[in-house]
*Asks:* 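To start, I am sharing the structure in question, which I have written as structure tokens.
Convention: sequence-line order gives letters A, B, ...; per-chain numbering from 1.
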Amino acid sequence: MTESSIKLDKASKLANQKGYDGLIIYSDGPCVMATPSYFYYFAGTRPLGSNSAIILSKSGDRVLLVEPAWDLHRACKKSGISNTRGTNAFAPDLVRVMQDLKITGSVGVIGTRLMSNDLFSAISKQAKVEPAESITEEIAREKTKAELDNIRATAKIADIGFKAFLAHTKIGVREYELVAEIGYAMQAAGSEDCFNLVGSGKESAELHAPTNRKMEEGDIVIIEITPVCDGQFIQLCRTISLGKPSPDLSTKYEMLMVALKRSMEIVKPGVAASEMSRAMNQIISAAGYEKYCYPPYMRTRGHGLGVGSMSPGFDIDESTKTTFQKDQVVVVHPNQWLPGTGYLACGETVLVTDTGNERLSETETKLYVKE
Amino acid sequence: METPQPPLKRGRDHWDQANMPGTEFQDRVRRMRQEMKQNGIEVLLLYGRNTNEYANPCYVSNYITGTQRPAMVILSPNDEIALIFDGFPRGLPTAKSRTWIENVIASSDISKTCVEFLTGKNLINSSIGYAGVNRLMPRGQLKFMKESLAGAKVIDCDKMLAEMRMIKSSMEKGQIQRASSIIMKAFQAVTAKSDGNLNERLLIAKVERIAYKDGAEDVRLLLGRPKDKDWSLRLPEDGQISDGDSLILYMAVESERYWAEAVRTFVVAGDSLVPAKAEIIDKVYTGIISQIKPGKSVSQFIKELMDALKQNQLDYIADYGLGQGVGLSLNELPALTNDNQAQFKDGMCLALRLIVKDKAMGAVMLGNTMYLSKGSAEVLTR
């Protein structure tokens with residue numbers, strides 16, 4: 001029995017307990033960092049087109065519906081769902097599958113937020129739609145060995161991305177050339193995609209998609225390196241000084257490293273996620289930068305990263321209500337805009353363990369200097 | 001053609017105003033206001049989101065988010081224009097550097113910001129054109145818009161925008177040409193001798209690196225192994241590529257917002273990829289391009305293509321379609337479908353794909369991006 005099949009059995013059981021006539025697990029295509037990839041989690045394969053769904057009946061039948069139709073054989077093979085159907089008319093065919101599976105009363109839907117108005121209206125005419133994301137949250141809470149192995153393997157790819165960042169950050173290189181090299185290094189190592197943001201200059205306002213800008217002597221180059229493997233993102237935030245760093249930059253980065261260390265110590269099961277954010281803000285505030293810890297300068301201090309669940313949440317700040325739990329993957333980043341240096345990147349992804357957390361990447365946390 | 005969306009456009013985000021000056025956008029706005037006037041529309045909302053569907057607001061602003069986040073342009077009376085993007089205020093300098101529009105607003109909920117904007121201008125009960133709003137806006141936000149604009153007369157403008165975007169200016173052609181040249185350079189590099197380790201992931205990673213280093217903003221690559229049973233175009237997997245294999249590569253590149261696409265078939269000779277020799281399909285494909293002429297209907301063209309395939313005893317595979325318009329999206333008008341009565345026009349930019357079964361290679365696929373001008377189609381991905 002495949003992992004996907006086990007997860008779908010669990011989902012089916014939970015859907016039955018909730019009294020649904022069926023369950024739809026929907027994807028609108030992209031596998032993004034900020035939201036769970038529910039479909040990917042259950043199907044075990046990345047959706048290729050802009051509409052895909054797994055439909056489970058009350059009696060345990062399952063159908064995979066994929067658009068475009070030509071993706072049928074790949075999706076069937078990768079998901080292990082023998083009743084896979086290809087379509088070029090998703091909404092009517094999804095309703096047809098619901099009819100075939102006798103889903104008429106109520107249907108739990110995981111991914112309602114991703115549905116277009118037309119698609120939602122079409123299935124609402126067939127059955128009463130009940131948002132059912134909590135089913136995934138319940139199943140995804142516990143990580144399987146394969147998932148944990150993938151988390152650690154993806155972190156190693158982030159390390160490979162960092163090596164490329166360090167090797168290719170040079171005076172005269174353009175931001176987009178640098179990011180192309182980082183992306184290549186990680187893809188060649190097995191990453192299926194990546195979410196890399198960069199910034200360069202004497203005082204960057206933010207991390208952004210790579211621009212045409214050529215790096216210059218004295219630049220502060222910042223990066224968020226985020227490879228994704230099997231839907232799992234892992235993030236590493238680092239800063240390079242191109243040339244001898246100013247005492248101001250060294251002092252400020254040292255302060256961010258202390259904030260990172262202190263906030264990572266907070267991450268353990270049962271502790272409120274807000275405490276991590278508070279610990280970080282306390283260190284930065286004590287250095288005289290309190291107003292820069294909050295909007296409009298800064299907002300989130302970290303976030304969950306996962307395929308089926310983003311818990312403890314995608315925006316961790318001092319108002320976050322959730323607590324850390326074992327097996328959560330959390331990026332802790334005191335990335336900070338500061339007067340004089342601009343935005344600095346400093347952050348690690350950790351895996352919450354029984355007693356604390358495991359730092360996932362091996363790349364040393366420090367201000368890197370290239371002279 | 002359908003391709004998986006990336007979490008982020010990984011390539012160069014740059015606005016070269018020599019390639020696409022602000023006056024080009026201002027001219028589009030002027031033409032749009034004429035259409036609005038003719039259709040009794042006081043306000044036009046141009047909504048787009050994600051890495052595929054950004055075209056409507058981008059068409060008049062040049063702005064894209066590069067992620068899944070949305071953006072909206074509001075054209076309101078008295079020549080007012082505003083751009084709202086989903087993001088934080090600290091993103092304003094970057095956003096402003098990507099557009100000629102002066103009134104740029106950061107928002108955490110575009111529907112609310114839009115309603116506030118319209119309320120502030122006393123336009124809440126006016127006639128409002130929606131482009132992309134109904135199709136793309138998240139349901140909750142759309143519901144809020146509907147409730148808040150209950151007194152407005154809403155007019156669907158999706159078709160109006162799609163038809164305006166269908167005919168490309170010479171500036172747009174230039175952008176698509178630049179995207180095309182990135183593809184061709186990458187395809188050329190594919191045929192360079194490999195270092196002996198020829199596998200799917202590495203091949204795709206190398207091709208993407210070439211394209212991104214050449215200035216691509218977004219790259220979509222699919223590959224097919226047509227000798228395999230039940231093969232289809234897909235993302236790379238762990239498979240090795242061996243001597244004698246055949247390989248189809250579909251590549252789409254976006255450069256400074258504009259897309260081009262091309263498809264080529266290769267055979268593996270030793271540790272190199274060599275363009276497949278398929279003279280008959282090449283001849284049919286080249287011949288049919290000469291039949292794309294302004295005034296001819298799409299359906300007539302497809303009939304002629306199917307006749308040519310039949311005459312040459314080529315076994316056409318219909319799964320991937322024949323193509324569509326390309327520009328700010330990989331899915332523009334006209335759709336090359338046999339029920340489309342629309343006529344070809346000068347200024348259209350088309351992707352034309354053709355795939356046929358082949359005894360030796362499993363299948364051969366060929367595709368190009370072309371621009372219609374002065375009565376004929378000019379292939380840009382040559």
*Asks:* Side chains of Y184(A) and V207(B): does their closest heavy-atom pair fall under 4.5 Å?
*Replies:*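 A side-chain contact under 4.5 Å is absent here.
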
*Asks:* Compare all side-chain heavy atoms of S232(B) with those of R74(A) and state whether any distance is below 4.5 angstrom.
*Replies:*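 Yes, their side chains come closer than 4.5 Å.
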
*Asks:* Measuring from atom CG of L72(A) to atom CG of D230(B), what distance do you get when rounded to the nearest 0.5 angstrom?
*Replies:*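 Answer rounded to 0.5 Å: 8.0 Å.
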
*Asks:* Could you tell me which of M33(A), R46(A), E177(A), R113(A) has the largest number of non-hydrogen atom pairs under 4.5 Å with chain B?
*Replies:*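 The option with the most such pairs is R46(A).
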
*Asks:* Check the pair E206(A), T94(B) against side-chain contact (heavy atoms from CB on, under 4.5 Å), reporting the backbone distance first and the verdict last.
*Replies:* CA-CA 9 Å; E206(A) 59 166 359; T94(B) 304; 2.5 Å; yes

*Asks:* Can you confirm whether D193(A) sits close enough to R10(B) that some side-chain heavy atom of one is under 4.5 Å from a side-chain heavy atom of the other?
*Replies:*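 Contact flag for D193(A)/R10(B) side chains = yes.
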
*Asks:* Determine whether a donor-acceptor pair (N or O, by modelled atom type, separation under 3.5 Å) exists between the side chain of R139(B) and the backbone of N117(A).
*Replies:*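 Checked: no pair found.
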
*Asks:* Would you say that Y176(A) contacts H14(B) through its side chain, given a criterion of any heavy-atom pair below 4.5 Å between the two side chains?
*Replies:*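 No, their side chains stay 4.5 Å or more apart.
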
*Asks:* At a heavy-atom distance under 4.5 Å, which candidate from Y212(B), Y320(B), W231(B) has the highest pair count against chain A?
*Replies:*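 Top option by heavy-atom pairs under 4.5 Å: Y320(B).
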
*Asks:* With a 4.5 Å heavy-atom cut-off, do E192(A) and L235(B) have their side chains touching?
*Replies:*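 The answer is no; the side chains never approach within 4.5 Å.
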
*Asks:* Is T3(B) in contact with chain A via its backbone, its side chain, both, or neither, using a 4.5 Å heavy-atom distance?
*Replies:*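 For T3(B), the contact with chain A is made by the backbone alone.
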
*Asks:* Given that the side chain runs from C-beta out, which part of R220(B) has a heavy atom under 4.5 Å from chain A: side chain, backbone, both or neither?
*Replies:*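 When you check distances to chain A, no heavy atom of R220(B) falls under 4.5 Å.
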
*Asks:* Which one, V32(A), L178(A), L119(A), L48(A), leads in non-hydrogen pairs under 4.5 Å with chain B?
*Replies:*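 So the answer, after comparing V32(A), L178(A), L119(A), L48(A), is L48(A).
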
*Asks:* Which one wins on heavy-atom pair count under 4.5 Å against chain B: T226(A), D71(A), T112(A)?
*Replies:*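 Top option by heavy-atom pairs under 4.5 Å: T112(A).
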
*Asks:* Against chain A, label M137(B) side chain, backbone, both or neither, depending on which of its atoms sit under 4.5 Å from a heavy atom there.
*Replies:*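 Answer is neither: M137(B) stays 4.5 Å or more from chain A.
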
*Asks:* Flag the pair R90(B) / W337(A) as yes when at least one side-chain heavy-atom distance between them is below 4.5 Å, and no otherwise.
*Replies:*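 They are not in side-chain contact.
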
*Asks:* Please list, chain by chain and in numerical order, all residues satisfying side chain to side chain donor-acceptor pair (under 3.5 Å) with E181(A), sequence neighbours excluded.
*Replies:*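 Here the qualifying residues are R209(B), K213(B).
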
*Asks:* With a 4.5 angstrom heavy-atom cut-off, which part of A188(A) approaches chain B: side chain, backbone, both or neither?
*Replies:*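 Answer is both: backbone and side chain atoms of A188(A) are under 4.5 Å from chain B.
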
*Asks:* Check each atom of N199(B) against the heavy atoms of chain A and say whether the ones under 4.5 Å are side chain, backbone, both or neither.
*Replies:*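 Contact with chain A involves no heavy atom of N199(B) at all.
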
*Asks:* Of the non-hydrogen atoms in P7(B) and C194(A), which two are nearest, and what is the gap between them?
*Replies:*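 It is CG-O, 3.7 Å.
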
*Asks:* Can you tell which part of L233(B) gets under 4.5 Å to a heavy atom of chain A, answering side chain, backbone, both or neither?
*Replies:*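 Contact with chain A is through both the backbone and side chain of L233(B).
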
*Asks:* At a heavy-atom separation under 4.5 Å, does K206(B) approach chain A through its side chain, its backbone, both, or neither?
*Replies:*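 Answer is both: backbone and side chain atoms of K206(B) are under 4.5 Å from chain A.
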
*Asks:* Taking atom NZ as the centre, does K202(A) end up with more than 12 heavy-atom neighbours from other residues, nucleotides or ligands that are less than 6.0 angstrom away?
*Replies:*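 Enclosed: over 12 neighbouring heavy atoms sit under 6.0 Å from NZ of K202(A).
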
*Asks:* Side chain from CB out, backbone as N, CA, C, O: work out which of these in P47(A) comes under 4.5 Å of a heavy atom of chain B, or both, or neither.
*Replies:*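 Only the backbone of P47(A) comes within 4.5 Å of chain B.
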
*Asks:* Less than 4.0 angstrom from a charged side-chain N to a carboxylate O is my criterion; do E237(B) and K78(A) meet it?
*Replies:*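 A salt bridge links E237(B) with K78(A).
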
*Asks:* What residue, out of F120(A), Y297(A), Y343(A), has the most heavy-atom pairs lying under 4.5 Å from chain B?
*Replies:*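 Highest number of pairs under 4.5 Å: F120(A).
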
*Asks:* Report yes if some heavy atom in the side chain of E2(B) is under 4.5 Å from a heavy atom in the side chain of S50(A); otherwise report no.
*Replies:*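 They are in side-chain contact.
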
*Asks:* Checking L114(A) against Q68(B) for the side-chain contact (heavy atoms from CB on, under 4.5 Å) test, could you report, in this order, the C-alpha distance in whole Å, the side-chain angles of both residues, the deciding distance, and whether it holds?
*Replies:* CA-CA 11 Å; L114(A) 307 172; Q68(B) 302 306 310; over 6 Å; no

*Asks:* Out of G29(A), A205(A), P68(A), return the one with the most heavy atom pairs under 4.5 angstrom to chain B.
*Replies:*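 Greatest number of close heavy-atom pairs with chain B: P68(A).
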
*Asks:* If I measure from the heavy atoms of chain B, does F233(A) come under 4.5 Å with its side chain, its backbone, both, or neither?
*Replies:*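 Contact with chain B involves the side chain of F233(A) alone.
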
*Asks:* For the candidates G49(A), A209(A), P296(A), which exhibits the highest count of non-hydrogen atom pairs separated by less than 4.5 Å from chain B?
*Replies:*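 The answer is G49(A).
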
*Asks:* Any heavy-atom pair between the side chains of L197(A) and L8(B) that's under 4.5 Å?
*Replies:*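 L8(B) reaches L197(A) side chain to side chain.
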
*Asks:* Which bit of R213(A) comes within less than 4.5 Å of chain B, counting heavy atoms only: side chain, backbone, both or neither?
*Replies:*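 Neither part; nothing is under 4.5 Å.
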
*Asks:* Quiz question: by atom type and distance under 3.5 Å, do the side chains of N212(A) and R12(B) form a donor-acceptor pair?
*Replies:*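 Present: a donor and an acceptor within the cut-off.
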
*Asks:* Between G66(B), P89(B), P236(B), G11(B), which shows the greatest number of heavy-atom pairs under 4.5 Å with chain A?
*Replies:*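 Ranked by heavy-atom pairs under 4.5 Å with chain A, first place is G11(B).
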
*Asks:* Relative to chain A, which of P138(B), A106(B), P6(B) shows the most heavy atom pairs under 4.5 Å?
*Replies:*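 Option with the greatest count: P6(B).
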
*Asks:* Do you know the tightest heavy-atom contact between D319(B) and W70(A)?
*Replies:*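 Closest pair (atom of D319(B), atom of W70(A), distance): O-CD1, 3.3 Å.
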
